[in-house]
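One structure is given below, encoded as structure tokens.
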Amino acid sequence: MPRAVRIPGAREYPMSFRPDLQSPASFPPSARASRAEVATLAWRRRFMLAANGATLAAVGAATAFVLAQDGFTLIDGLVLLCALAITPWHALGFWNAAVGLALRHRRRDGVVAAAPFLDAPAPPHAGTRVAILMTLRNEDPARAIARLRAVKADLDATALAPIFDYHLLSDTSLPEVAAEEEALVASWRAQEGAAHVFYRRRLSNAGFKAGNIRDFLEAHGAPYEFMLPLDADSLMGAGTILNMLGILQAHPRMGILQSLAVGLPATSGFARLFQFGMRAGMRCYTLGATWWAGDCGPYWGHNALIRVAPFRAFCHLPDLPGAPPFGGPILSHDQMEAVLMRRAGFEVRVLPVEAESYEENPPAATDFITRDLRWCLGNLQYVKLLGLPGLAPMSRFQLLWAILMFATVPALPLALALVPLAASEATAGDDFPAGLAAAIYGVLLLMSQAPKLAGWIDVALTPGGAARYGGAKRFAVSAAMELVFSFLLSALTSLAVTMLLARLALGRVAARWGGQARDGHAVPLGLAVRQFWGPTLFGLAVAAGLAAVAPALLLWLAPLLAGYVLAIPFVVATADPRFGAWLTARGLAATPEERDPPDVLLRLRGATVEGLEQAA
């Protein structure tokens, strides 16, 4: 194979329309949204606005009533503000999950009601070309390339194999990793031919992942009608890819079709528990969100089929004004690209059903928090983009919601820190509405867990659902373990995000994009102590304050405080390979694919073995 083609860093692109691309307004009437579709979507959005507004108002009024029993102090006001900040995110999760569960089990055509493009699926045809892209930066080359080879092998078994090309787009900066990438691709091309497999590495990772894809599109994207971006941990089956291709071919005003990615079978205990809950939490939540978001859906940056021409023309991401981290390249490029695609008049849709679309989750709490903080940094950059002209109201809401996803996180640790102070000011009395206070607390806890609870109910109501996870007993035990796990993890992440926001205020954060840990690994006790002594001290201080002034409250708040107090042993234990092996041996927190692997996963296992042999 010839030496890698090196392309300089991405230049800055303007956020402007290009006049040379056909506008959706010029499409035939059959390709446009009908008045009935527009009216239905508007009604659904009004319903969700009313439901969430009523929930926020009820929680706020009830909380204010409880806090004002013995006078309303500054501490009471801060606690109320924390409750008002916490509620919207949980309320939307509750209503999305409730709507999604109802659509799955109260309506025969519930999924089609949310995703009407599934009503009459059209088979894909060969009159097109598709680029499947995998972006890399200092990843394990054998591991990543095995995934792309498995995708290709699955598609090669279909009649449409010739329309797909496979591009590895490397931003790797480590010479030894780059050399292994080139060697593995050269071996792949030698075995299967060079006609459909390509490799390119940039000298600079300007613009990070979005800049990498932008450079490819500007230099090599013209022949392709569609592209399918994959991350280094992505895996998709041929059936899902071809189904998505048929949908985009049949719906010319659809610019992005995002698949619902779920976790691959994992050996790490942390990853197994996390993705067990995430899989349950995403299913009904995504269906409910799709029901009212409609043509303004999200894009998650990978495992999505994209129409190349409008993406090239309209989804340019310029550097933001000012210095990093708020200025410079846009880190969370995906949602911004979805917003720009919708601004251009093209739909952004989600395929709200589980299919053969997979990703991997961080193997340890340390890796998870690192990823979460990077997402936090990227989402906060959207503050500078809220006023971008021409955005749909729904798109502005999505950007605002992405900001609030992290900006409101400090409300939880702040509220916990304030509770002992508020309790010390309270006057004991028989007229205190303890039942109402307990109800508010219970409702907030219920709403916070509603998406995954809805997902578990969905499994229980679906014939054969629990059997896919190893049976009702294993499924119930896994759900109970994940519930405890999620409470412990959410405490850690809340304080980590709070500290990041504090460092941002002091200008002590830099933007980075590097390789991620994908395989299970232990976290040494010393490392856990150095990184998580702060949360431990915070939890112990709040617990001591409650024990001194309101011991009964300590029991009530134990689920929220445990994650801080137990931070160090939690991080070490969930990353311990022995814990992962224990879960795996008992079939706990397993995915259905662990028991019944699809063809593409079997191909991945074969490609992984072959890649390891070549690397050796």
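What you see below is based on every heavy atom in this structure, not just the backbone, and it leaves out hydrogens, waters and symmetry mates. Given the structure is predicted, the values throughout are model-derived calculations rather than measurements.
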**OP:** Start with the C-alpha distance between L287 and L260, add both sets of side-chain angles, then the distance that settles side chain to side chain contact (heavy atoms under 4.5 Å, CB included), and finish with yes or no.
**Re:** CA-CA 10 Å; L287 182 59; L260 179 60; over 6 Å; no
Original post:
Looking at A479 and W456, what are the two nearest heavy atoms and their distance?
Top reply: O-CH2, 3.4 Å
**OP:** Give the intermediate values and the outcome of side chain to side chain contact (heavy atoms under 4.5 Å, CB included) for residues L136 and D171.
**Re:** CA-CA 6 Å; L136 301 174; D171 268 359; over 6 Å; no
Original post:
Any idea which heavy atoms bring Y299 and A338 closest together, and the distance?
Top reply: CB-CB, 3.7 Å
Original post:
Can you tell me if T40 uses its side chain to pair, donor with acceptor, with the backbone of E37 under 3.5 Å?
Top reply: no
Subject >> Derivation and outcome, side chain to side chain contact (heavy atoms under 4.5 Å, CB included), residues L257 and V348 >> reply: CA-CA 6 Å; L257 179 58; V348 179; over 6 Å; no
**OP:** Measure the acute angle between the ring planes of H167 and F198, then classify it against the limits of 30° and 60° as parallel, tilted or perpendicular.
**Re:** parallel
Original post:
Between Q335 and G297, which heavy-atom pair has the shortest distance, and what is it?
Top reply: NE2-O, 4.5 Å
Original post:
Hey, are the side chains of F368 and T493 touching, using non-hydrogen atoms and a 4.5 Å cut-off?
Top reply: yes
Original post:
When rounded to the nearest 0.5 angstrom, what is the spacing between OG1 in T240 and OH in Y358?
Top reply: 7.0 Å
Run the side-chain donor-acceptor check on residues 268-279: report pairs under 3.5 Å with partners two or more places apart or on a different chain.
{"residue": "S268", "atom": "OG", "partner": "F270", "partner atom": "N", "Å": "3.3"}
{"residue": "S268", "atom": "OG", "partner": "A271", "partner atom": "N", "Å": "3.2"}
{"residue": "S268", "atom": "OG", "partner": "P363", "partner atom": "O", "Å": "2.6"}
{"residue": "R272", "atom": "NE", "partner": "L588", "partner atom": "O", "Å": "3.2"}
{"residue": "R272", "atom": "NH1", "partner": "A266", "partner atom": "O", "Å": "2.8"}
{"residue": "R272", "atom": "NH1", "partner": "T584", "partner atom": "OG1", "Å": "3.3"}
{"residue": "R272", "atom": "NH1", "partner": "E594", "partner atom": "OE1", "Å": "2.9"}
{"residue": "R272", "atom": "NH1", "partner": "E594", "partner atom": "OE2", "Å": "3.4"}
{"residue": "R272", "atom": "NH2", "partner": "L588", "partner atom": "O", "Å": "2.8"}
{"residue": "R272", "atom": "NH2", "partner": "E594", "partner atom": "OE1", "Å": "3.4"}
{"residue": "R272", "atom": "NH2", "partner": "E594", "partner atom": "OE2", "Å": "3.3"}
{"residue": "Q275", "atom": "OE1", "partner": "N361", "partner atom": "ND2", "Å": "3.0"}
{"residue": "Q275", "atom": "NE2", "partner": "L264", "partner atom": "O", "Å": "2.5"}
{"residue": "R279", "atom": "NE", "partner": "E354", "partner atom": "OE1", "Å": "3.3"}
{"residue": "R279", "atom": "NE", "partner": "E354", "partner atom": "OE2", "Å": "3.2"}
{"residue": "R279", "atom": "NH1", "partner": "E593", "partner atom": "OE1", "Å": "2.8"}
{"residue": "R279", "atom": "NH2", "partner": "E354", "partner atom": "OE1", "Å": "3.0"}
{"residue": "R279", "atom": "NH2", "partner": "E593", "partner atom": "OE2", "Å": "3.0"}

**OP:** Output yes when a side-chain donor or acceptor of S234 lies under 3.5 Å from a complementary backbone atom of D231, and no otherwise.
**Re:** yes
Subject >> Nearest heavy atoms of A467 and R595, plus distance in Å >> reply: O-NE, 3.8 Å
**OP:** May I ask you to decide if A402's main-chain N or O and N379's side chain share a donor-acceptor pair within less than 3.5 Å?
**Re:** yes
Original post:
Do F485 and T574 have side-chain heavy atoms sitting under 4.5 Å apart?
Top reply: yes
**OP:** Give a yes or no on whether the ring-centroid distance for F346 and F311 is below 6.0 angstrom.
**Re:** no
**OP:** Could you walk me through whether R468 and D596 pass the salt bridge (charged side-chain N to carboxylate O under 4.0 Å, His left out) test, one step at a time?
**Re:** CA-CA 8 Å; R468 299 178 65 225; D596 184 20; over 6 Å; no
Original post:
Side chains of N96 and W292: donor-acceptor distance under 3.5 Å anywhere?
Top reply: yes
Subject >> R307/E347 ion pair, N-O < 4.0 Å >> reply: no
Subject >> Backbone N/O of C315 and side chain of R214: donor-acceptor pair under 3.5 Å >> reply: yes
Original post:
Within the side chain of H251, is there an N or O that forms a donor-acceptor pair under 3.5 Å with the backbone of I247?
Top reply: yes
Original post:
Is there a donor in the side chain of R149 and an acceptor in the side chain of Q191, or the other way round, less than 3.5 Å apart?
Top reply: yes
**OP:** Indicate the atoms forming the closest heavy-atom contact of W300 with Q258, along with that distance.
**Re:** N-OE1, 2.9 Å
**OP:** With side chain to side chain contact (heavy atoms under 4.5 Å, CB included) as the test, would you mind laying out the steps for M244 and L351 before giving the verdict?
**Re:** CA-CA 8 Å; M244 294 171 68; L351 189 66; 4.1 Å; yes
Original post:
Just checking, any donor-acceptor pair under 3.5 angstrom between side chains of E181 and S170?
Top reply: yes
Subject >> Donor-acceptor contact below 3.5 Å, side chain S187 vs main chain A183 >> reply: no
Original post:
Under the criterion side-chain contact (heavy atoms from CB on, under 4.5 Å), which of L230, V600, L604 is the partner of R147?
Top reply: L604
Original post:
Is a side-chain donor-acceptor pair under 3.5 Å present for D367 with H521?
Top reply: yes
Original post:
Checking side-chain contact (heavy atoms from CB on, under 4.5 Å) against M481, which of L483, V484, V477 comes through?
Top reply: V477
Original post:
Any side-chain donor paired with an acceptor under 3.5 Å for T135 and N212?
Top reply: no
**OP:** Answer yes if the side chains of T128 and Q249 hold a donor-acceptor pair under 3.5 Å, and no otherwise.
**Re:** no
Original post:
Between the side chains of N303 and S259, is a donor N or O closer than 3.5 angstrom to an acceptor N or O?
Top reply: no
Original post:
Which pair of heavy atoms, one from M227 and one from L217, lies closest together, and at what distance?
Top reply: SD-CD2, 3.7 Å
Original post:
When you check the gap from the basic side-chain N to the acidic O, do E139 and R143 get nearer than 4.0 Å?
Top reply: no
Original post:
Does D458 have any salt bridge (charged side-chain N to carboxylate O under 4.0 Å, His left out) partners at least two apart in sequence or in another chain, and if so, which?
Top reply: R104, R283
**OP:** Keeping the roles fixed (side chain from K152, backbone from D165), state whether a donor-acceptor pair exists under 3.5 Å.
**Re:** no
Original post:
Is there a donor-acceptor pair closer than 3.5 Å between any side-chain N or O of N138 and the backbone N or O of L174?
Top reply: yes
Subject >> Sequence-distant partners of H125, side chain to side chain donor-acceptor pair (under 3.5 Å), two or more places apart >> reply: none
